[in-house]
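Let me begin by presenting the structure, written as structure tokens, before commenting on it.
All values reported here derive from a predicted model rather than from experimental measurement. Letters A, B, ... are given to chains in the order of the sequence lines, protein chains preceding strands, and every chain is numbered from 1.
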Amino acid sequence: MAQQDSEAAARRRPGFERASGRSIPLEAIGSRATRIVEDAASILEEELANGIGAARNVERKIFDKRPSSDPDAVIQRFRQDAHELIDLAVDVLGGALGSVGDLANKAVSIRDPATPARRPGRVPTLTMPNPVAAGADADVAMSVENDSDQPTETFTMNASDLISGDGDRIPAKQIAFSPPSLRVDPGGSEKITVSLKVPPKTPSGTYSGLLQATKLEPVRAVLLVTVTAAQ
Amino acid sequence: MTATASTGFAFVEERLDRYKTMTVATILRFLPQTEPRRHLYDLVPEYPLRPGKGLRPGLCIATCRAFGGDLRDILGSAAAIELYHNAFLVHDDVEDASEHRRGFPTLNALRGVPIAVNVGDALNVLSIAPLMDNIHRLGADVTFEVFREIEHMVRESVEGQAIELGWVHDNVMDLTPRDYLRMTLKKTCWYTCIHPCRIGALVATGGKQDLGVFDEFGYLMGAAFQIQDDLLNLVGDVERYGKEHAGDIWEGKRTLMLIHLTGVLSARERARLEAFLATPRLERAAEDVEWVLAEMHERGSIAFGRGCAHDLAVAAGDRFERCYGELPDGDDKRLIGEIVRYMVDREL
């Protein structure tokens with residue numbers, strides 16, 4: 001069983017099919033194939049065949065056990081046997097995430113009221129509930145929650161430009177917050193309305209940008225808005 | 001979600017934009033809210049938030065969905081791939097001493113090389129968290145397989161980059177198209193096309209899909225993509241393309257067109273080219289760059305590159321049916337098919 005599982009896992013490695021001897025019929029590539037395509041096909045064969053040998057050496061050293069369905073066992077194997085860089089990175093991230101977890105117990109954070117629960121260490125996303133036409137306005141509410149035993153300082157919210165995948169921008173000045181500044185009592189929650197005025201000639205697309213509180217740098221969120229053509 | 005009436009590249013660009021936005025939002029959700037910020041975490045989103053095609057996450061997500069997978073299952077892996085991609089871009093700009101990328105200053109131009117290198121390292125390291133987070137949705141076995149795909153992907157990329165950097169460092173002049181194809185396979189194709197498709201299918205099918213079918217498809221598509229990218233650098237509309245005109249010649253990058261040119265010049269012209277490439281970038285003259293570009297046009301190197309890109313894309317189209325042909329029609333299957341054509345017909 002273990003050997004069958006091992007073979008099944010091996011078949012999923014890049015290049016196994018080539019190492020096992022199956023080749024690509026050139027006629028299957030197409031009658032218009034020029035030398036470049038033929039070269040590409042042969043190079044891929046060579047590289048995969050070279051790679052499979054190296055992969056087997058690595059896997060003989062590291063993956064000498066059947067992959068386990070036990071998550072703790074998998075992660076533990078990473079910590080013991082994985083590449084040095086991954087091992088170090090896991091240690092660093094584990095420490096960082098642990099610190100964030102501790103901070104989250106007494107942290108101030110933003111929450112989209114539509115989201116039932118937040119995850120410590122994650123930047124929440126605020127999404128405008130509906131697409132907004134160019135030239136129109138839209139609002140979305142968020143709550144700032146203070147889980148600590150101290151009141152916050154009075155802070156204001158800032159926004160970056162909103163940028164689309166095509167590089168179009170909605171300037172940050174088009175975003176307003178109401179109230180413009182506030183403070184949150186210990187254990188309390190305050191609502192902030194984020195208002196967006198989309199300039200009339202804004203190209204259609206999905207725009208995103210960062211919202212961040214002054215003096216409370218962990219308090220940040222991503223604002224997402226879909227802009228459509230002017231109606 | 002029903003398909004829109006978009007036709008041509010509008011459909012491709014709209015879908016890729018949508019998937020990229022989701023991927024970047026996933027990246028930002030994993031961004032640590034700790035110090036140091038000014039010289040690290042505030043800079044990490046700089047490249048991912050910039051305009052880009054979103055090809056890699058698009059292929060990954062679309063493949064997953066075309067195979068019946070859940071969007072939520074694939075976003076973590078797509079985010080990891082996009083983080084690696086942006087890490088390569090940051091480091092690539094440092095290695096090439098580039099000052100602009102798509103109309104924006106590079107990170108090394110903005111903040112200096114040391115900070116840029118470290119931000120690039122952070123983009124790499126931060127890709128591990130979403131991959132580990134996969135375990136909650138995908139289970140241990142598939143999560144582990146995704147890690148193996150990623151390990152192969154990044155190792156091939158750094159090897160390919162080392163090959164290309166070595167050519168420039170050693171001023172290698174006797175390259176062939178086969179050398180270019182091998183370097184491009186390693187540096188670009190594995191992480192741009194092959195592994196995004198493999199991982200998408202892996203996640204969607206729980207490892208049941210034969211992933212090897214994507215190797216040729218992704219390679220042919222990726223090679224066509226890279227050659228077209230190099231062509232646009234030489235002959236593309238600067239305003240639309242957003243990169244320095246003939247920047248690759250300034251850098252001495254061994255593109256397929258430069259390799260072709262090297263093979264057709266006379267001995268005297270070849271010596272002039274070799275001397276140009278041996279000159280440090282800051283000391284190169286614009287008239288020599290223009291000479292190289294003019295010779296590329298005159299000697300058919302541009303036409304050669306166009307023909308190769310076209311033929312590779314056609315071959316990729318043939319392979320598309322082998323990978324996706326049996327799947328039900330839908331927007332994601334359509335997207336992947338049209339990306340192949342988009343690869344070579346795009347203008348940016």
Side-chain angles (χ1 to χ4, degrees), chain A residues 9 11-18 24 28-30 32-37 39-41 43-44 46-48 51 55 67-71 73-75 78 83 86 89-90 92-93 96-97 99-100 103 119 121-125 163-167 205-206 208-210 217-218 220 222 224, chain B residues 13 16-18 20-21 24-25 28-34 37 45 49-54 102-103 125 128-129 132 135 139-141 143-145 147-149 151-152 156 177-178 181-182 185-186 190 194 198 202 207 210-212 215-216 219-220 223 242 307-308 311-312 314-315 318-319:
Chain A
R11 277 194 288 276
R12 290 195 290 271
R13 284 198 302 270
F16 176 84
E17 298 83 358
R18 306 302 177 266
I24 309 160
I29 297 177
R32 295 179 58 189
T34 61
R35 180 65 185 273
I36 194 77
V37 176
D39 284 345
I43 286 167
L44 181 61
E46 292 169 12
E47 286 293 312
L48 292 176
S68 169
S69 296
D70 178 355
V74 172
I75 298 302
F78 270 115
H83 186 280
I86 294 176
V90 168
V92 170
L93 281 175
L97 290 172
S99 298
V100 171
L103 286 172
R119 298 177 66 187
R122 304 287 186 257
V123 178
T125 302
I163 304 176
S164 76
D166 289 329
T206 303
S208 61
L210 278 174
E217 292 184 27
R220 57 176 65 177
V222 171
L224 275 180
Chain B
E13 290 173 348
L16 289 181
D17 174 61
R18 189 188 307 181
K20 188 190 175 196
T21 300
V24 172
L28 294 177
R29 281 199 286 273
F30 281 94
L31 189 66
Q33 299 183 55
T34 57
R37 288 188 181 82
L49 281 173
R50 287 187 182 182
K53 290 176 287 297
R102 288 195 170 270
V125 169
I128 299 176
M132 293 174 70
I135 203 166
D141 288 346
T143 297
F144 195 78
E145 293 299 324
F147 263 114
R148 287 216 284 196
E149 294 285 321
E151 186 276 334
H152 181 264
E156 290 286 343
R178 284 184 66 91
L181 285 173
R182 189 182 306 275
L185 167 64
K186 295 172 78 70
W190 281 111
I194 303 173
R198 288 177 62 106
L202 166 64
D210 171 17
L211 302 183
D215 293 350
E216 289 175 28
Y219 180 25
L220 295 167
C308 288
D311 289 339
L312 288 164
V314 168
D318 291 339
R319 280 292 179 266

*Which pair of heavy atoms, one from A:Ala40 and one from B:Leu181, lies closest together, and at what distance?*
N-CD1, 3.8 Å
*From B:Tyr219 atom OH to A:Glu47 atom CD, the distance as rounded to the nearest 0.5 Å*: 8.0 Å
*asked:* Taking every non-hydrogen pair under 4.5 Å, which of B:Val24, B:Leu16, B:Leu312 racks up the most with chain A?
replied: B:Leu312
_Where B:Arg178 and A:Ile43 come nearest, the two heavy atoms and their spacing_ = O-CD1, 3.3 Å
_Smallest separation among heavy atoms of A:Ile163 and B:Leu49, with atom names_ = CG2-O, 3.9 Å
*Residue B:Leu185 versus chain A: region with a heavy atom under 4.5 Å*: side chain
*Rounded to the nearest 0.5 Å, what's the gap from CG on A:Leu210 to CG on B:Leu28? Could you check?*
6.0 Å
_To check you understand the geometry: which heavy-atom pair defines the closest contact between A:Val37 and B:Ala315, and what is its length?_
CG1-CB, 3.7 Å
*Shortest non-hydrogen contact between B:Ala25 and A:Leu224, atoms and distance*: CB-CD1, 4.4 Å
